[in-house]
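Note that these values count all heavy atoms, side chains included, but never hydrogens, waters or copies made by symmetry. We count ligands from 1, going down the list as the structure has it; atoms in each ligand are counted the same way. These numbers come from a predicted model, not from an experiment.
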Amino acid sequence: MIILIKKDAEESQVENLLGLLKSKHIEPMVSRGALQTVIGCVGDVAELDPGVIEALDVVESVQRIQEPYKAANRKFHPDPTTVDCSGVKIGGGAFAVIAGPCSVESEEQIISVARSVKASGATMLRGGAFKPRTSPYSFQGLGRRGLEMLSAAKKETGLPVVTELMDFADIELFNDVDVIQIGARNMQNFNLLKEVGSYTKKPILLKRGMCATLQELLMSAEYIMASGNPNVILCERGIRTYETAMRNTLDLGVVPVLRRLTHLPVVVDPSHATGYAYLVDPVGVAAAAIGADGLIIEVHNDPPKAKCDGAQSQTPAMFDAMMKRVRRVREALSAPCV
Ligand code: PEP
Ligand code: MN
């Protein structure tokens with residue numbers, strides 16, 4: 001249920017209403033927008049009589065929310081959310097570019113990639129330390145040592161770090177990580193979502209599962225938010241279809257669809273979506289044009305030698321060329337530049 005507050009309502013009236021809701025064991029979510037204050041009610045709203053609430057002086061109208069996701073719903077929070085990633089903002093007009101290798105391979109590698117992507121305009125550094133690989137015989141990531149190397153690259157460049165958490169048992173190793181990635185394969189690991197959401201308010205980059213609908217993606221965001229962490233960034237990285245020409249199938253239409261359904265920022269990952277480095281530039285530029293709040297791009301110093309995802313990794317020079325086009329597109333759309 002959402003309660004729209006009258007424009008001329010006094011703060012004390014709003015406070016009284018919040019008190020009434022809390023007395024009915026409802027945790028109200030208040031969104032004070034430029035045009036309207038909205039109170040979202042989640043939990044057991046059965047005790048709330050919409051007619052009684054609507055009759056209150058301070059209330060303009062009451063709406064039932066049909067969708068199963070509440071906290072993530074745009075109706076609950078009409079203004080877009082800006083997530084602060086250790087000073088780098090994303091969403092609500094702020095565009096962020098996360099770049100770096102699929103996996104951290106050595107300290108020299110991650111520092112050199114971090115320096116070059118920063119020079120090209122990246123605002124955050126990515127790099128996997130714990131890797132969810134299809135084969136148990138493939139490189140599994142450097143684990144704790146990989147996280148230490150990411151910290152060294154962060155110290156060197158000042159770029160906030162984004163890296164994947166696969167197992168909640170490792171969470172204490174993530175103290176110096178700025179954004180925790182939950183990967184596609186764990187999007188519906190509900191225990192992990194609940195544990196992370198209740199442990200930290202650090203931003204969570206939640207990637208769409210390869211067979212997940214948008215509603216399922218939003219329900220996974222809802223798990224994190226309902227556990228106490230409102231700082232969720234959604235990531236579209238393509239889904240599995242019958243098409244085999246690319247690694248996954250990317251429908252960029254989901255960006256404006258999600259914009260309508262949710263207030264959360266939406267990032268596009270053209271690297272995993274396409275699987276080929278030559279496609280990352282055109283698809284990444286298109287994602288910026290369609291209104292994504294950011295990009296996450298795999299960049300490797302020597303892609304043929306990469307331990308993971310070399311075929312889709314851009315060289316630093318390719319990334320630099322793409323960033324120039326991304327900036328031009330953002331300028332053409334009069335959106336703030338990276
Ligand atoms: C990754 O970001 O390297 C990754 C494994 O992504 P996804 O979960 O989208 O496959
Ligand atoms: Mn990868």
Side-chain angles (χ1 to χ4, degrees), residues 96-105 109-110 113 117 122 124-136 138-143 146-147 149-150 160-167 170 174 177-189 192-193 196 203-212 214 216-217 220-221 224 232-241 246-252 254 266-277 279-280 283-284 287 292 294-315 318-319:
V97 178
I98 306 162
C102 181
S103 310
V104 180
E105 296 174 8
Q109 175 236 16
I110 192 68
V113 175
V117 296
M124 286 190 255
L125 176 66
R126 65 151 287 150
F130 295 93
K131 294 303 305 176
R133 302 305 302 276
T134 303
S135 166
S138 300
F139 177 62
Q140 303 285 307
L142 296 179
L147 294 178
M149 292 169 190
L150 281 167
V161 159
V162 183
T163 193
E164 177 161 355
L165 174 75
M166 287 167 58
D167 185 343
D170 295 322
F174 280 60
V177 169
D178 301 280
V179 178
I180 298 174
Q181 174 172 319
I182 305 279
R185 290 156 192 80
N186 270 319
M187 188 205 87
Q188 286 191 313
N189 182 341
L192 180 63
L193 302 177
V196 171
I204 308 295
L205 181 76
L206 178 65
K207 299 189 89 173
R208 180 179 181 183
M210 56 192 83
C211 300
L214 292 185
E216 286 163 343
L217 171 63
S220 291
I224 299 169
V232 180
I233 302 161
L234 303 173
C235 178
E236 170 58 56
R237 43 78 76 209
I239 53 171
R240 183 166 287 183
T241 67
M246 286 171 270
R247 185 174 178 182
N248 288 290
T249 299
L250 177 69
D251 175 3
L252 282 174
V254 305
V266 180
V267 165
V268 172
D269 175 348
S271 309
H272 293 89
T274 64
Y276 295 102
L279 290 172
V280 172
V283 174
L295 299 171
I296 176 164
I297 309 284
E298 286 188 343
V299 180
H300 195 281
N301 46 315
D302 189 359
K305 296 215 179 92
K307 289 196 172 69
C308 182
D309 287 348
Q312 67 193 33
S313 297
Q314 289 187 325
T315 59
M318 290 168 89
F319 177 70

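In terms of polar-atom proximity, Glu164 is not counted as a contact of ligand 1, lacking any N or O under 3.5 Å from an N or O of the ligand. The shortest N/O to N/O separation between Asp309 and ligand 1 does not fall below 3.5 Å.
Atoms of ligand 1 found under 4.0 Å from any heavy atom of Gly183, numbered from 1 in the order shown, are 8 (O). Counting the atoms of ligand 1 from 1 in the order shown, those under 4.0 Å from a heavy atom of Cys102 are 3 (O).
The pair Arg126-Glu298 meets the salt-bridge criterion, since a charged nitrogen lies less than 4.0 angstrom from a carboxylate oxygen.
The backbone N or O of Gly127 lies less than 3.5 Å from a partner atom in the side chain of Thr163, making a donor-acceptor pair. Distance alone, capped at 3.5 Å, places no donor-acceptor pair between the Gln140 side chain and the Leu142 backbone.
Leu250 and Ala273 make their closest contact through CB-CB, 3.8 Å (heavy atoms, listed as atom of the first residue, atom of the second, distance). The minimum heavy-atom distance between Asp309 and Cys102, with the atom names listed, is OD2-SG, 3.3 Å.
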(Q) Between Asp302 and Glu105, does the side-chain contact (heavy atoms from CB on, under 4.5 Å) criterion hold? Intermediate values first, please. (A) CA-CA 11 Å; Asp302 189 359; Glu105 296 174 8; over 6 Å; no
Q | Working for side-chain contact (heavy atoms from CB on, under 4.5 Å), residues Ile110 and Leu125 | A | CA-CA 9 Å; Ile110 192 68; Leu125 176 66; 4.1 Å; yes
Q. Stepwise, does the side-chain contact (heavy atoms from CB on, under 4.5 Å) test hold for Ser220 with Leu206?
A. CA-CA 8 Å; Ser220 291; Leu206 178 65; 3.9 Å; yes
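Between Asp269 and the choices Lys207, Arg237, Gln312, the side chain to side chain donor-acceptor pair (under 3.5 Å) rule is met once, by Lys207.
Considering only non-hydrogen protein atoms, atom 6 (O) of ligand 1 sits nearest to Lys207 NZ, 2.9 Å. Looking only at heavy atoms of the protein, atom 8 (O) of ligand 1 is closest to Ala184 N, 2.7 Å. Protein heavy atom closest to atom 4 (C) of ligand 1, with residue, atom name and distance, is His272 NE2, 3.4 Å. Nearest non-hydrogen protein atom to atom 9 (O) of ligand 1 is Arg237 NE, 2.7 Å.
Atom OE2 is the N, O or S atom of Glu298 at the shortest distance from the Mn ion (ligand 2). Looking only at N/O/S atoms, Asp309 comes nearest to the Mn ion (ligand 2) through OD2.
The shortest separation from a heavy atom of Arg126 to ligand 1 is under 4.0 Å, placing the residue in contact. For Arg208, the closest heavy-atom approach to ligand 1 does not fall below 4.0 Å.
The residue Met210 has no part lying near ligand 1, judged by heavy-atom distances below 4.0 Å.
For the Mn ion (ligand 2), the set of nearby N, O or S atoms under 2.8 Å includes one belonging to Cys102.
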